[in-house]
Each structure stands twice: as structure tokens, then as C-alpha cells.
Amino acid sequence: NPTNPQFYMERGALYEEMGQTAHAADDYVSAMLYGENKEAVKAINALSKHAYDDVVASLTTAVNMSNDKGFYYYLRANIHKSNHRLSESIKDWNEIVENNYLFYHSVFFNRGYCYMHLGQFEYALDDMSHGIRLKDKQYSYYIERSRVYRVMGQYDKAAEDLSIASTFDPSCVEVLQEKALLAAEQGDYKRAA
């Protein structure tokens with residue numbers, strides 16, 4: 001039964017235990033090709049932490065073989081991002097956008113996140129704002145964009161984004177931390193404390 005994704009998942013786990021990470025990555029990708037996305041994505045993300053090159057090679061093969069290129073570009077872009085290969089991640093996000101493979105808020109937001117960490121703040125703001133326009137109920141998007149505004153010295157806009165984020169959860173620790181950093185950068189140490 002060569003199209004049973006569970007067989008690939010089980011064999012991939014065995015290969016991983018044996019230290020044969022290239023074969024494990026190939027099997028997890030095969031499981032995805034035959035329909036087992038959730039567990040295979042989880043497995044390949046975990047594998048990428050210690051076998052990044054093997055995972056990227058397998059996903060590159062999937063990009064070239066599959067009709068669903070957007071999914072594999074998306075997955076590979078996230079793996080690049082989580083392994084701090086931000087320029088590589090941006091290349092994949094660009095492929096998705098330029099070829100209209102996917103039109104998700106997370107594509108733009110994640111590309112903006114990469115731009116932010118590479119110090120390309122204008123690009124980051126454009127992408128993060130586009131992600132927010134597509135899905136404005138993501139409080140984490142407002143927090144990240146407020147960081148960009150803060151770094152750029154646009155404190156009013158940073159405060160505005162944090163205010164919006166706090167409407168989702170007024171006691172969110174991340175919002176409070178960002179408010180403290182913003183106050184400290186403006187010299188209001190009492191409020192920051």
C-alpha cells in the first residue's frame with residue numbers, strides 16, 4: 001500500500017531514531033504528499049531543529065514535485081524562519097506572493113517579521129500592516145508591529161498598537177512588557193516599572 005501516509009510516518013520515526021535524518025525527512029514529506037499533513041508537519045518541524053539541511057532538501061524536492069507548491073513553500077519558509085535563516089525565509093515568502101500561491105495574512109506577517117529582524121523596518125511595516133488588514137483579530141500582530149514602530153521612534157503609533165492589542169487581553173504579559181519598554185525608551189521609568 002504505497003500511498004498509506006501512516007506507513008511513511010512510522011518508517012520516518014524509525015529512520016529518525018537510527019540517525020538517518022535525510023530518509024526521515026523524505027518519509028515525512030511523502031506522508032504529506034499522501035495526505036497526512038498535521039502529524040507530518042509537526043514531525044518535520046521537530047526534525048528541522050537538528051537536521052535543518054536534510055529537511056530543506058526534502059521540502060525542496062516536494063516544491064518541485066507537487067502541484068501544491070504554496071503549501072511546501074509556506075512550510076519551508078517557516079522552517080527557515082524558525083532556524084533563523086531569515087533571508088532564505090523571505091525568498092520563499094516572495095515566491096508565494098509573486099506567484100499567487102497563497103493569499104494568507106500569515107504570509108505577509110511572517111515576511112514582515114523576517115524583515116524586522118533584518119533591520120528593514122519599512123518593508124516590515126508594509127507587510128505587517130497588510131497582514132493586519134487581512135486579519136485584524138490577531139493581537140500578536142499588533143504587538144510585533146508596535147515593536148517596529150518603537151524601534152523607529154514612532155512612539156505614538158507603537159502605543160496605539162499596544163492599546164489595540166490590550167483590548168484582546170488587558171493582562172497579556174507580552175503587552176505589558178512592551179508597554180514598559182516603550183515607557184522606558186521615552187524616559188518614563190516610573191511608569192515602566
Side-chain angles (χ1 to χ4, degrees), residues 1-97 99-118 124 127-128 130-132 134-135 137-144 147 165 168-169 172-174:
N1 188 357
T3 60
N4 187 325
Q6 195 56 41
F7 294 163
Y8 291 102
M9 289 298 298
E10 291 171 9
R11 189 174 69 176
L14 287 173
Y15 277 135
E16 197 172 346
E17 282 183 39
M18 293 164 58
Q20 297 182 21
T21 54
H23 291 305
D26 288 343
D27 274 353
Y28 294 146
V29 168
S30 293
M32 288 180 227
L33 289 168
Y34 293 118
E36 177 52 67
N37 283 350
K38 188 176 181 183
E39 290 303 313
V41 167
K42 187 175 171 184
I44 208 154
N45 274 313
L47 182 62
S48 76
K49 300 298 179 204
H50 61 276
Y52 169 81
D53 291 332
D54 291 333
V55 166
V56 168
S58 291
L59 288 172
T60 300
T61 301
V63 163
N64 296 328
M65 288 175 40
S66 173
N67 292 329
D68 190 9
K69 292 185 184 308
F71 171 76
Y72 294 101
Y73 273 120
Y74 187 94
L75 184 55
R76 191 174 69 181
N78 270 313
I79 284 172
H80 287 315
K81 180 182 158 215
S82 66
N83 283 278
H84 311 291
R85 309 287 177 93
L86 301 178
S87 294
E88 293 302 311
S89 185
I90 288 171
K91 287 178 190 173
D92 280 350
W93 299 124
N94 287 342
E95 280 292 324
I96 292 168
V97 171
N99 292 292
N100 295 315
Y101 289 133
L102 302 169
F103 194 71
Y104 296 153
H105 56 92
S106 57
V107 170
F108 295 98
F109 180 78
N110 283 312
R111 187 172 68 174
Y113 176 92
C114 293
Y115 280 132
M116 176 181 75
H117 286 278
L118 290 172
D127 274 348
M128 288 179 174
H130 193 66
I132 288 171
L134 292 173
K135 186 162 185 171
K137 301 296 182 204
Q138 294 285 101
Y139 78 93
S140 61
Y141 288 8
Y142 289 100
I143 294 170
E144 288 297 330
R147 289 180 177 137
F168 294 97
D169 179 5
C172 175
V173 171
E174 206 172 359

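A heavy-atom distance below 4.5 Å is found between the side chains of Leu75 and Ile44. With contacts defined as side-chain heavy-atom distances shorter than 4.5 Å, the pair Tyr52/Val55 does not qualify. With contacts defined as side-chain heavy-atom distances shorter than 4.5 Å, the pair Trp93/Ser106 does not qualify. Considering only heavy atoms from C-beta on, Leu33 comes within 4.5 Å of Met65 through its side chain. Side-chain contact between His80 and Lys91 is absent, with no heavy-atom pair separated by less than 4.5 Å. Looking at heavy atoms from C-beta onward, Asn94 lies out of side-chain contact with Tyr73 at the 4.5 angstrom threshold. Using a 4.5 Å cut-off on side-chain heavy atoms (C-beta onward), Lys137 and Phe168 make contact. For the pair Lys135/Phe109, no side-chain contact is recorded, criterion being any heavy-atom separation below 4.5 Å from C-beta on.
The shortest heavy-atom contact between Leu102 and Gly70 is CD1-O, 3.5 Å. Closest approach of Ala165 to Ile143, counting heavy atoms only: CB-CG1, 3.8 Å. Closest approach of Gly131 and His105 over heavy atoms only: O-CB, 3.5 Å. Contact between Ala62 and Val29 at its shortest, heavy atoms only, is CB-CG1, 3.5 Å. Between Val107 and Val97, the shortest heavy-atom contact is CG1-CG2, 3.7 Å. The two residues Ala25 and Ser58 come nearest to each other via the heavy atoms CB-OG, 3.3 Å.
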### Verdict with reasoning, Lys49 to Ser82, per side chain to side chain contact (heavy atoms under 4.5 Å, CB included)
CA-CA 8 Å; Lys49 300 298 179 204; Ser82 66; 3.3 Å; yes
### Task
For side chain to side chain contact (heavy atoms under 4.5 Å, CB included), just list the numbers for Asn83 and Glu88, CA-CA rounded to whole Å, side-chain angles, deciding distance to a tenth of an Å, and then say yes or no.
CA-CA 10 Å; Asn83 283 278; Glu88 293 302 311; over 6 Å; no
### Task
Take Tyr72 and Asp92, measure what side chain to side chain contact (heavy atoms under 4.5 Å, CB included) needs, and give me the verdict at the end.
CA-CA 9 Å; Tyr72 294 101; Asp92 280 350; over 6 Å; no
### Message
Applying side chain to side chain contact (heavy atoms under 4.5 Å, CB included) to Val56 and Arg76, what does each step give before you reach the verdict?
### Response
CA-CA 7 Å; Val56 168; Arg76 191 174 69 181; 4.2 Å; yes
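To the nearest 0.5 Å, atoms CZ (Arg11) and OG (Ser30) are separated by 7.5 Å. Considering CD1 of Ile96 and NZ of Lys69, their distance stands at 12.5 Å, rounded to 0.5 Å. Tyr142 contributes atom OH, which lies 5.0 Å from atom CD1 of Ile132 (distance to the nearest 0.5 angstrom). Atom-to-atom distance recorded for Met116:CE and Asp127:CG is 12.0 Å, nearest 0.5 angstrom. Interatomic distance, CG of Leu59 versus CG of Asn64, reported as 11.0 Å (0.5 Å rounding). Here the SG-CZ distance, from Cys114 to Arg85, works out to 13.0 Å after rounding to the nearest 0.5 Å.
Side-chain contact, Tyr113 with Ser89: no donor N or O sits under 3.5 Å from an acceptor N or O.
In terms of modelled atom types and a separation under 3.5 Å, the side chain of Asn4 and the main chain of Gln6 share a donor-acceptor contact. The main-chain N or O of Pro2 is found under 3.5 Å from a side-chain atom of Tyr8 such that the two form a donor-acceptor pair. In terms of modelled atom types and a separation under 3.5 Å, the side chain of Tyr28 and the main chain of Glu39 share no donor-acceptor contact.
Within a 6.0 Å sphere centred on NZ of Lys42, other residues, nucleotides and ligands contribute 12 heavy atoms or fewer. Environment of NE2 in His84: sparse, with no more than 12 heavy atoms of neighbouring residues, nucleotides or ligands closer than 6.0 Å. Taking a 6.0 Å sphere around OH of Tyr104, one finds it holds 12 or fewer heavy atoms contributed by other residues, nucleotides or ligands. With a 6.0 Å radius and a threshold of 12 heavy atoms from other residues, nucleotides or ligands, Asn1 has its CG atom above the threshold. Within a 6.0 Å radius of OH in Tyr74, more than 12 heavy atoms belonging to other residues, nucleotides or ligands are found.
When ring centroids are compared, Phe108 and Phe103 come within the 6.0 Å threshold.
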